[in-house]
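Within every chain, numbering begins at 1; the chains are lettered A, B, ... in the order of the sequence lines, protein sequences first and strands thereafter.
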Number of protein chains: 2
Amino acid sequence: MRDALNRVLELAVVLNDDMTRDLERRGLTGSRAHLVWELHRRGPSTQQALAGALGVTPRAITGLVDALVEGGFVTREPHPRDRRATLVTFTKRGERTAKGLERDHIELAGKLFGDMPATTFRGFTRGLDVVLARLHEIVT
Amino acid sequence: MRDALNRVLELAVVLNDDMTRDLERRGLTGSRAHLVWELHRRGPSTQQALAGALGVTPRAITGLVDALVEGGFVTREPHPRDRRATLVTFTKRGERTAKGLERDHIELAGKLFGDMPATTFRGFTRGLDVVLARLHEIVT
DNA sequence: TATTGTTATACTCTATAACTATA
DNA sequence: TATAGTTATAGAGTATAACAATA
């Protein structure tokens, strides 16, 4: 069991390193890519909404949006009905980048699972579900 | 396949959050715990050796060791045969903490896998091995 | 000359708290 | 009063580069 946990942790680390390298190729850090990912799912969003989605404080969002504006990925647009708020909105480049992230995600899933025998894949995902359920019990 | 990747990523995130909470209870951050873990495996080590083990620069080790000395987990002892080097060495508290980390690790593995049916566990670990192998191919 | 660990400097991410403008 | 986002300040982790002491 300890070995299984070690391999799960190894998977997490190597996966993170690999994904980080891909993000850097697209001019993003992990945190900035996370924001781009959520913005892609939600459409133009207030910074409050993004803070909730990413689980960080509004102050952290200010920094991430500053960097993404600087990099030409997003703009801050005035909220149509609340002059306190801004709507973080993709530029063309941001849109392209978000779609690229999605392609990377699909491609990675294919590389990891694509040529895995169906029975192995089912066994893996079944175990994964059980582990995730246990983990959520622990956290609660 | 995309869903399987998403669940692997979810596992990584929740596992990391859970372990981080446990580390904080022991007065450690993730990076400092990583150093403690390696020191436990290797015994008293030079900062160069720790930099290699953790995959960071010697400068980063200086900061981590400073914090661990401050927290009473380790001391810097003179190297017996090389006056340039220091041997990072556990205090009693550091020793106890390292053993505590090991117990936490075993306990977590037990919670995650302990009551899993043997066939489910085997299916999971087999899939895990395949995924890890694919991932290491990708990274290479 | 090469290595060990330091200081100097900088960047990313995060947090809390005080503040401005608006609701 | 409450909310959206900012500035101010701080801490953790990391990197590169220049440097001192020692090998």
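Side-chain N/O atoms of B:Arg59 and base N/O atoms of D:dT14 include no donor-acceptor pair closer than 3.5 Å.
Taking atom CD1 on B:Ile61 and atom P on D:dT14, their separation rounds to 8 Å, with Å as the unit. Counting to the nearest Å, the C1' atom of D:dG11 and the CD atom of B:Glu70 are 13 Å from each other. D:dT3 atom P lies 18 Å from atom CG of A:Leu50, rounded to whole Å. Summarising the geometry, the separation between CZ on B:Arg83 and P on C:dT4 is reported as 16 Å, rounded to the nearest angstrom. Look at CG on A:Asp82: it is 16 Å from P on C:dA21, rounded to the nearest Å. Separating the NE2 atom of A:His79 from the P atom of D:dA4 is a distance of 10 Å, rounded to the nearest angstrom. For A:Asp66 and D:dA8, the CG to P distance is 13 Å, given to the nearest whole Å. When the C1' atom of D:dT3 is taken as reference, atom CZ of A:Arg81 falls 16 Å away, rounded to whole Å.
Comparing B:Arg84 and A:Ala85, the nucleotide of DNA chain D nearest to each residue sits closer to the 5' end for A:Ala85.
In terms of phosphate contacts, B:Thr86 brings a side-chain nitrogen or oxygen within less than 4.0 Å of OP1 or OP2 of C:dG5. At C:dG5, none of the side-chain N or O atoms of B:Thr62 fall inside 4.0 Å of OP1 or OP2 (strictly under the cut-off). Put simply, A:Arg76 has a side-chain N or O that comes within less than 4.0 Å of OP1 or OP2 on D:dT6.
Contact record, B:Thr97 with B:Phe73: OG1-CE2, 3.5 Å, taken as the closest heavy-atom pair. Of all non-hydrogen atoms in B:Phe113 and A:Leu5, the two that sit nearest each other are CE1-N, 3.7 Å.
Here CZ of A:Phe90 is found 8.5 Å from CG of A:Leu68. Values are rounded to the nearest 0.5 Å. Between B:Leu28 atom CG and B:His34 atom NE2 the span is 13.0 Å, to the nearest 0.5 Å.
Look at A:Glu38 and A:Arg41 and you find a salt bridge, because one of the NZ, NE, NH1 or NH2 atoms lies within 4.0 Å of a carboxylate O, short of that distance. A salt bridge links A:Glu107 with A:Lys111: at least one charged nitrogen is closer than 4.0 Å to a carboxylate oxygen. A salt bridge is absent between A:Arg32 and A:Glu70: the closest approach of a Lys/Arg side-chain nitrogen to an acidic carboxylate oxygen does not fall below 4.0 angstrom. Between A:Asp22 and A:Arg26 there is no salt bridge, since no side-chain N of the basic residue sits under 4.0 Å from a carboxylate O of the acidic one. Salt-bridge annotation for B:Arg134 and B:Glu137: present, with a side-chain N of the basic residue lying under 4.0 Å from a carboxylate O of the acidic one.
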Read 5' to 3' with Watson-Crick or G-U pairs under 3.5 Å, [ ] for crossing pairs and | for partners on another strand, DNA chain C gives |||.|||||||||||||||||||

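At a threshold of 4.0 angstrom between heavy atoms, the contacts of B:Leu64 are confined to the sugar-phosphate backbone, with no base atom among them.
Residues of residues 17-49 of chain B that place a heavy atom closer than 4.0 Å to DNA chain C, in numerical order, are B:Thr46, B:Gln47, B:Gln48.
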